[in-house]
Amino acid sequence: MQRFSRIITLCVLFGWSMMTLADSVTAIRDAAEQGNAMAQAKLASLYVLGRDGVDKDEKLAAEWMEKAANQGIVDAQVVMGAFYDHGVS
């Protein structure tokens, strides 16, 4: 359980650190779909936390976080490790 709380902590940090990325979930989703790795991580964080009108969905969170991790976002790679450890993905 402690490891999963680390996932939540990292996702909160993604959420706070990326407030300048976009003003709306739609803009974040659009950027993520266009391949923006930071937007992918932010969108994944929203799915983990169930914030800003996004329903919690661990499967979608893992999918988006993996896309960000595959593009070299180190924090996303750490989160993916925690997801795998927790059996999410």
Legend entry - Closest heavy-atom pair and its distance - A69, M80: CB-CG, 3.9 Å
Legend entry - Shortest non-hydrogen contact from A68 toward A37: CB-O, 3.4 Å
Inset, instruction - Have a look at L46 and tell me which of L60, D55, I28 forms a side chain to side chain contact (heavy atoms under 4.5 Å, CB included) with it. - result: I28
Legend entry - Minimum-distance pair of heavy atoms, taken over all atoms of A32 and A39: N-CB, 3.5 Å
Legend entry - Exercise: identify the closest heavy-atom pair between L49 and K56: O-CE, 3.4 Å
Inset, instruction - Using a 4.5 Å cut-off on heavy atoms from C-beta on, say whether the side chain of Q71 contacts that of Q40. - result: yes
Inset, instruction - Please identify each residue that fulfils side chain to side chain contact (heavy atoms under 4.5 Å, CB included) with N70, with sequence neighbours left out. - result: E66
Inset, instruction - Measure the shortest side-chain to side-chain distance between S45 and M65 over non-hydrogen atoms and say whether it is less than 4.5 angstrom. - result: yes
Legend entry - F83 and V48, any side-chain heavy atoms less than 4.5 Å apart: yes
Inset, instruction - Run the salt-bridge test on K59 and E63 with the 4.0 Å N-O cut-off and return the result as yes or no. - result: yes
Inset, instruction - Determine, step by step, whether W64 and E33 satisfy the side-chain contact (heavy atoms from CB on, under 4.5 Å) criterion, reporting the C-alpha distance in whole Å, the side-chain angles of both residues, the deciding distance to 0.1 Å, and the verdict. - result: CA-CA 9 Å; W64 282 110; E33 289 172 351; 3.9 Å; yes
